[in-house]
Every structure is written in structure tokens, then in C-alpha cells.
Amino acid sequence: MSKEEAMRTGHELDIYVDSEMSDEKTGKLDDLWQSIYDLVQVATYGIVEEDEEELRKAIAWLKEVQPLTDQYQDTDIYFEV
């Protein structure tokens, strides 16, 4: 998967609209990844409410595109739904 495909599929996630969308200003995959990561984190702790299936999709996306990031390749994705 290319970074462009990763950006496109990240934007297609339903959870994206509830995220910070910080990539809109920068156009960087790392910013998109961090926005999705942060929302998944607070949703899995029950701080915000998100659909379980959408959380599963977002977690799968995080894991799939993580190797394409510059800053988050070693970030632990420990979330479970």
C-alpha cells in the first residue's frame, strides 16, 4: 500500500469524521495516523462512544499503515474491542 492509498482509506473510515483531522492542515500520513490512534484510544477506554465494528476497522487500518509512518513505527497498538 502506498502512502496515498493509506491516506485515502484512512479518510474513508467512519471514525475519521470524529477525529482531530489534523492531517487536513499538513497533508501528512503521520498526522492522520495520530488522529485516528488518539480517537481509538479514548473510544476503547469508553471516554467517547464509537461503534465497535468501526473501531475494529480503525485498529486494522492503524496496524496496516503503521509501517508507512515516519514517527509511529514503534508505537504499541494495544487496543482491543
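Computed from a prediction, not measured in an experiment: that's the story for all the values here.
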Donor-acceptor contact below 3.5 Å, side chain E49 vs main chain A43: no

Any luck finding a side-chain donor-acceptor pair between Q34 and Y72 under 3.5 Å? yes

Could you tell me which non-hydrogen atom of K28 sits nearest to which non-hydrogen atom of D23, and how far apart they are? O-CB, 3.6 Å

Sorted by chain and number, sequence neighbours left out, salt bridge (charged side-chain N to carboxylate O under 4.0 Å, His left out) with K3 holds for D70

Using only atom types and a distance under 3.5 Å, with no angle test, would you say the side chain of D30 pairs donor to acceptor with the backbone of Q71? yes

So, for L39 and S19, which heavy atoms are closest and what is the spacing to 0.1 Å? CD2-N, 3.6 Å

Return yes if some donor-acceptor pair links the side-chain N/O of E20 with the main-chain N/O of S35 below 3.5 Å, else return no. no

In Å, rounded to the nearest 0.5 Å, how long is the span from CG of L32 to CG of L13? 8.0 Å

Is there a donor-acceptor pair closer than 3.5 Å between any side-chain N or O of E5 and the backbone N or O of S2? yes

With E12, which residues qualify under salt bridge (charged side-chain N to carboxylate O under 4.0 Å, His left out), at least two apart? R8

To the nearest 0.5 Å, atom CD1 of I77 lies from atom CH2 of W33 at 4.5 Å

Do T26 and D31 pair up side chain to side chain, a donor and an acceptor below 3.5 Å, judged on atom types alone? yes

Does a donor on one side chain sit under 3.5 Å from an acceptor on the other, for Q41 and Y78? yes

Separation of T69 OG1 from L29 CG (nearest 0.5 Å): 6.5 Å

Supply the atom-to-atom distance D51 CG to K57 NZ, rounded to the nearest 0.5 angstrom. 8.0 Å

Do L55 and V40 have side-chain heavy atoms sitting under 4.5 Å apart? yes

How many angstroms lie between atom CD1 of I15 and atom CZ of R56, to the nearest 0.5 angstrom? 12.5 Å

Does E50 have any salt bridge (charged side-chain N to carboxylate O under 4.0 Å, His left out) partners at least two apart in sequence or in another chain, and if so, which? none

Point-to-point distance, once rounded to the nearest 0.5 Å, from OG1 of T9 to CD of E4: 11.5 Å

